[in-house]
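Reviewing the structure listed below.
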Amino acid sequence: MNKTELAAAVDTRRTFAIISHPDAGKTTITEQMLLFGGVVRQAGTVKARKSGNFAKSDWMEIEKKRGISVTSSVMQFDYDGKRINILDTPGHEDFSEDTYRTLMAVDSAVMVIDSAKGIEPQTKKLFQICKMRGIPIFTFMNKLDRDGREPLDLLNEVEEVLGIETYPMNWPMGMGKGLKGLYDRYNHRVELYHNEAHGETFLPLDKDGKLDPSNELTKDSIYRDTLDEMELIEEAGNDFDEAKIASGDMTPVFFGSALTNFGVETFLKTYLKYAPKPSAHKTRDDEIVQPTAEQFSGFVFKIQANMNPNHRDRIAFVRICSGEFDRGMDVFLQRTGKKMRLNNSTQFMADTRETVETAVAGDIVGLYDTGNFQIGDTIYAGKHAVQFEKLPQFTPELFMRVTAKNVMKQKSFHKGIDQLVQEGAVQLYTSYSTGDYILGAVGQLQFEVFKFRMLNEYNSEVVMEPLGNKTARWIDPDQLDEKMSSSRNLLVKDRSGAPLFLFENAFAERWFADKYPNVKLTSKL
């Protein structure tokens, strides 16, 4: 592509993550959007809508069994002249780290809120990450098909708890069994709830924001209550401010029901009008890399093994930050300086998971990996070396000693541990004295998923011995004396060989500090 063609292609990209507390409905809304793009996805395979296989973005076996998302799914489709990269993230707090990294790879976020429950703890945590990055946030108040809280209460809670201004783009006319439709403030119309069999879905409003008096709905008390509420919002609510939306200081709020596919397409169309195109990225040298720069660059934000269990594939997900990707191109892996050719690549396209020939800034590309990549790696083409900012990494708080139940299956045991640890959900440590494997994680569910996947994907049954909550503290190797270790502070090595202590509690850490006052410990490597 020449400069003009590259700029035009980048301009059509929209890359966003869907965030929420568990069970707020984000996977359901993701699937509805995929239907509008003519695509559904299951187990790493994209199926056309005409096949009747309306699959879930939760492709992992344990996700299907539990009905939750524990890994970020990446999907792509074309809609309304835009190429959309959508990342459905884990809602469960034990997988926050995967979500935080995913948020580094998007340009905006869609926050799904259960209209009966309002702001929940995980929603608040994820919102704060978005706010810290200053990315635009669009809110979808879900589950209008059920009775929920008053819309005004929900708006007030978003403003007070999250500290962001709201602007309702539409307003519910009733809820639950009494749901009549949506008063669409932005499009100046009423969207009727499941009225397809009885005529028009959309009814125009007059210059005063009212329906034609001859319409039966005007006699309904729910409609009249909605007009009163809209009058209050017009007088006391915030003014629409596109600049504030772009800076993440105002969130447009949409109401609807993902389960019944009500209000989702209206949301998607409006979102695309205000969602940002691919943004610039900062390097560790404080350089700003523009998406339309000619030199290709990108970073690995996720690694996933066994998306297709039949082929034992391992894919590194790369957010393209600048330039154009061409299959077979030569790039440099910044961490090692190694030159590599990107022959095996995939993109999650509209009707198939297929080899990608070309992609541009804003797109997410999957690179088949044999162990070259790590989360956070930068790849680039050309002479100018690039290293993007470090991705967030959490220090584990829960620890387990892990061994293979069948000592004859050590090969599959080690392969499984190596691949799953590289995905970043659990972290691996090795005991200094015994060489035992110790896993660290942010939450208990990560261990359960690890155990499940070791058995189902690597045919390796593992025994896990809880070590409980520990505080991890790294120590300078030059200051280390192995005699410092005790039953209260276990000495281990991380994957890079750096020594650290796992303290059983704050008292043990203070005792160590008093005994070795000149030894400096750090909470992160």
Side-chain angles (χ1 to χ4, degrees), residues 16-21 24-26 29 103 106-144 146 148-175 179 181-191 209 225-258 262-264 266-276:
F16 67 95
I18 296 192
I19 61 172
S20 79
H21 195 82
K26 64 179 176 46
I29 195 173
L103 289 173
V106 300
D107 302 304
S108 60
V110 173
M111 178 169 63
V112 181
I113 295 175
D114 185 326
S115 61
K117 297 177 181 176
I119 304 296
E120 297 177 89
Q122 187 66 0
T123 315
K124 186 176 178 181
K125 284 183 185 177
L126 297 173
F127 169 84
Q128 287 167 344
I129 300 297
C130 295
K131 186 73 174 171
M132 189 171 69
R133 285 201 59 215
I135 63 174
I137 300 162
F138 298 78
T139 301
F140 189 85
M141 295 287 184
N142 195 21
K143 302 189 180 181
L144 269 194
R146 306 178 190 178
R149 291 169 51 184
E150 289 297 322
L152 280 171
D153 288 345
L154 291 168
L155 288 190
N156 288 337
E157 185 178 43
V158 170
E159 296 206 347
E160 290 174 13
V161 175
L162 301 183
I164 188 172
E165 293 182 23
T166 60
Y167 184 90
M169 304 292 272
N170 57 22
W171 200 254
M173 295 168 56
M175 63 180 67
L179 180 59
L182 291 168
Y183 185 97
D184 193 334
R185 183 187 189 190
Y186 177 78
N187 291 301
H188 211 63
R189 66 191 184 190
V190 165
E191 182 173 352
D225 289 345
T226 301
L227 290 183
D228 290 342
E229 289 173 339
M230 288 310 303
E231 189 176 346
L232 175 64
I233 289 167
E234 291 290 354
E235 289 180 7
N238 300 309
D239 293 328
F240 186 82
D241 190 324
E242 202 169 335
K244 284 186 177 180
I245 293 171
S247 63
D249 294 314
M250 172 179 281
T251 179
V253 179
F254 301 79
F255 290 83
S257 167
F262 178 58
V264 178
T266 297
F267 160 74
L268 180 58
K269 284 185 173 180
T270 312
Y271 162 80
L272 290 177
K273 290 181 182 177
Y274 295 102

Could you give me the CA-CA distance, side-chain angles and deciding distance for T266 and R189, then say whether side chain to side chain contact (heavy atoms under 4.5 Å, CB included) is met? CA-CA 11 Å; T266 297; R189 66 191 184 190; 3.4 Å; yes
Run the numbers on R185 and M169 for side chain to side chain contact (heavy atoms under 4.5 Å, CB included), then give the verdict. CA-CA 5 Å; R185 183 187 189 190; M169 304 292 272; 5.9 Å; no
Which is it for S20 and I113 under the side chain to side chain contact (heavy atoms under 4.5 Å, CB included) test, yes or no, and what are the steps along the way? CA-CA 6 Å; S20 79; I113 295 175; over 6 Å; no
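Side-chain contact between M132 and F127 is absent, with no heavy-atom pair separated by less than 4.5 Å. Using a 4.5 Å heavy-atom cutoff, the side chains of P252 and I245 are in contact. With contacts defined as side-chain heavy-atom distances shorter than 4.5 Å, the pair V253/L155 qualifies. Looking at D107 and I135, their side chains never come closer than 4.5 Å, going by heavy atoms from C-beta outward. At least one side-chain heavy atom of P121 sits under 4.5 Å from a side-chain heavy atom of H21. Side-chain contact between K26 and I19: absent, with no pair of heavy atoms (C-beta onward) separated by less than 4.5 Å. When side chains are defined from C-beta on, M173 counts as touching V190, because their heavy atoms get closer than 4.5 Å. With contacts defined as side-chain heavy-atom distances shorter than 4.5 Å, the pair K131/D249 qualifies.
Closest approach of G209 and H188 over heavy atoms only: CA-CE1, 4.1 Å.
Interatomic distance, CD1 of I233 versus CG of D228, reported as 11.0 Å (0.5 Å rounding). Atom SG of C130 is separated from atom CZ of F138 by 11.5 Å, given to the nearest 0.5 angstrom. Distance check, rounded to the nearest 0.5 Å: CZ of F254 to OG1 of T270 gives 4.5 Å. Atom NZ of K143 is separated from atom NZ of K117 by 5.5 Å, given to the nearest 0.5 angstrom. Residue D114 holds its CG atom at 9.0 Å from OG1 of T123, rounded to the nearest 0.5 Å. Rounded to the nearest 0.5 angstrom, M111 CE and I137 CD1 are separated by 6.0 Å.
By the 6.0 Å contact criterion, CG on D239 is open, its count of non-hydrogen atoms from other residues, nucleotides or ligands being 12 or less. Remark: R146 CZ is loosely packed, at most 12 non-hydrogen atoms of other residues, nucleotides or ligands lying under 6.0 Å away.
For T226, there are no side-chain hydrogen bond (donor to acceptor under 3.5 Å, both in side chains) partners two or more places apart in sequence or in a different chain.
For D241 (side chain) and A243 (main-chain N/O), a donor-acceptor pair under 3.5 Å exists by modelled atom type. Although no hydrogens or angles enter the test, the distance criterion places no donor-acceptor pair under 3.5 Å between the side chain of D153 and the main chain of R149. Distance alone, capped at 3.5 Å, is enough to place a donor-acceptor pair between the R133 side chain and the V106 backbone. N142 contributes a side-chain N or O that, together with a main-chain N or O of A258, makes up a donor-acceptor pair within less than 3.5 Å. Within the 3.5 Å criterion, the main-chain N or O of L144 finds no donor-acceptor partner in the side chain of S257. Side-chain atoms of D184 never come within 3.5 Å of backbone atoms of E191 as a donor-acceptor pair (strictly under, hydrogens ignored). Without hydrogens or angle criteria, E159 side chain to T166 main chain gives a donor-acceptor distance under 3.5 Å. A donor-acceptor pair under 3.5 Å is absent between the side-chain atoms of E157 and the main chain of G118, judged by distance alone. Put simply, the side chain of S247 gets close to the backbone of K244: a donor and an acceptor are under 3.5 Å apart.
S108 and Y271 share a side-chain donor-acceptor pair at under 3.5 Å. Side-chain atoms of T251 and T139 include a donor-acceptor pair closer than 3.5 Å.
The list of ring-ring contact (aromatic ring centres under 6.0 Å, His included) pairs with a residue in residues 154-174, not counting sequence neighbours, reads Y167-F240, W171-F255.
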